[in-house]
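For the single chain, residues carry numbers from 1 onward in sequence order. Each ligand, and each atom within it, is numbered from 1 in the order the structure gives. What you see is a predicted model; the values in this text were computed from it and never measured.
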Amino acid sequence: MDRFVITGPCRLSGAVRASGAKNAALPALAACLLTDEPVRLARVPQVRDIHTFLRLLAHLGVGHQDAEGELLLTPCGARRSADEAPYEVVKTMRASVLVLGPLLARHGHARVSLPGGCAIGVRPIDQHLAGLEALGAEVRLEHGYVDASAPRLRGARFRFAVPTVTGTENLLMAAVLARGQTVLENCALEPEVEDLAALLTAMGARIAGVGTPTLVIEGVESLGAARHEVVADRIEGGTYLIAGAMTGGDVTLVDTRPADLAPLIAKLAETGARVEVGERSIRVQGSGRLRASDLTTAPHPGFPTDLQAQFLALLTQAEGESAVCETVFENRFQHVPELNRMGAEIRVEGNTAHVHGGTPLSGARVMATDLRASACLVLAGLAAEGETVVDRIYHLDRGYEQMEIKLHRLGGRVERTASTS
Ligand code: UD1
């Protein structure tokens, strides 16, 4: 098992380009189940979740090959009867649930293992299932699997009780091939949903209301070939901007969509970092002393829960008292005890972390529990005095492409080594 050895403190400076968004590439891959024609995807990140999903797709009849640096997905005539995402895959990657909608729409049947709990909370999929039922699917839960069938889905009106990102994506992919009109209300507004809608539209789907909470979909008989470039990863890019601010550095994120990062840009400015926003770039310069700032996570366009851990790392270095309230997931403060071991002073009460900021961090051996918590510990290690060892880097490898290389180029002293214990 690999780990990172970080020698701090480092001041990051330079330009960095985010990879394509993992959370946009995953639904894009799932959308390939909706057609018999080739789909070409550019800017797909080389991360473990994508490789896992490609294995799942191969099992479901979609093959892939490299095409001049892009990913070409084509039906490979594998077992059509499978229509199943098995437990072994779903347990390693919850996003496997994204095959449910497309399989059902295309083949009239899908069997997907229930994801169950995970490190950051319960994370039910009841809204995915209620939406599919509204479209006429018969959904049964048995032996830990969702078994859904419908000879042909039919358009309907469905309102999400909570805005859910993968739930919206699943329903969108089901509705594009349903008979008639579907109206989805209270949809998630995350840029990744918009990116999926752009791909589906390029494949021939008819979707109105993209970028608003209400999506209106006119079902079509079939979808065809398309090429699509995956949107830049706002969470990965945001992580490097936070690292720049927190290390008193000067980091420019290039080839990105600043609007997707508006909530982070506003928060960085509040802490006293200097932020310059260009058309396709964001530059952040850490000031001598950062100021405390309160934060509440919320669905887009609120502050993303996927940047909460990283921003909390920054707030440990901001003078004063900050309160960070996590409203999207329960149990998403598992990085706190590890930050405290490095010298942070954070107290968790319910869904709020109270930070007494400005305490010096010192390197320590720490353990990551999930993807974003791992990134938070890496940032803390960059700001800390001495050596930090972050174990269980496989969490990071799920979602960050070449993180140590990108940090290296920015002047971070980060080495990947094989763990001996
Ligand atoms: C996606 C992202 C994840 C991010 C999250 C929130 C992917 C692959 N993952 O996860 O990185 O942290 O959005 O931005 O895109 N909920 C229900 N019932 C449901 C579905 C969700 O109650 O059927 C609740 C969840 O428990 C959570 C909230 O809704 O409290 C938002 O979750 P959701 O948007 O569904 O997260 P994911 O799509 O799983």
* **SB check Glu192 Arg234 (cutoff 4.0 Å)** => yes
* Could you tell me which atoms of ligand 1, counted from 1 in the order shown, lie closer than 4.0 angstrom to a heavy atom of Asp306? => 3 (C), 4 (C), 11 (O), 12 (O)
* Structure fact -> Restricting to heavy atoms, the pick from Val162, Asn23, Ile235 nearest atom 24 (C) of ligand 1 would be Val162
* Asked: Looking at ligand 1, does any of its N/O atoms fall within less than 3.5 Å of an N/O of Asp126?
  -> yes
* To do: Flag the pair Arg157 and Glu185 as a salt bridge only when some basic side-chain nitrogen lies within less than 4.0 angstrom of an acidic carboxylate oxygen.
  => yes
* Answer side chain, backbone, both or neither: which part of Thr305 comes under 4.0 Å from ligand 1, heavy atoms only. => side chain
* Can you sort out which atoms of ligand 1 are near Ile125, meaning under 4.0 Å from one of its heavy atoms? => 19 (C), 23 (O)
* Give the numbers and elements of all ligand 1 atoms closer than 4.0 Å to a heavy atom of Val328. => 27 (C), 30 (O), 31 (C)
* Asked: Is His128 in contact with ligand 1, taking contact as a heavy-atom separation below 4.0 Å?
  -> yes
* To do: Report yes if some N/O of Thr164 lies less than 3.5 Å from some N/O of ligand 1; otherwise report no.
  => yes
* Decide whether an N or O pair under 3.5 Å exists between Leu26 and ligand 1. => no
* Any N or O of Lys22 that comes nearer than 3.5 Å to an N or O of ligand 1? -> no
* Asked: Would you call Asp49 and Arg94 a salt bridge, using N to O less than 4.0 angstrom?
  -> no
* To do: Determine whether any heavy atom of Arg332 lies closer than 4.0 Å to an atom of ligand 1.
  => yes
* Are the side chains of His228 and Val39 in touch, meaning some heavy atoms are under 4.5 Å apart? -> no
* Asked: Centroid-to-centroid, Phe303 to Phe311, below 6.0 Å?
  -> yes
* Asked: Using 4.0 Å as the upper bound for N to carboxylate O, is an ion pair formed by Glu70 and Arg43?
  -> no
* To do: Consider only side-chain N and O atoms of Lys91 and Ser96, and report whether a donor and an acceptor are under 3.5 Å apart.
  => no
* **Close N or O approach (Gln127, ligand 1; < 3.5 Å)** => yes
* Does Pro124 have a heavy atom less than 4.0 Å from any atom of ligand 1? -> yes
* Asked: Using 4.0 Å as the upper bound for N to carboxylate O, is an ion pair formed by Asp294 and Lys267?
  -> no
* To do: Would you mind running through ligand 1 and noting each atom that sits below 4.0 Å from a heavy atom of Thr166?
  => 7 (C), 8 (C), 15 (O), 37 (P), 38 (O), 39 (O)
* Aromatic rings His335 and Phe333: how do their planes relate, parallel, tilted or perpendicular, breaks at 30° and 60°? -> tilted
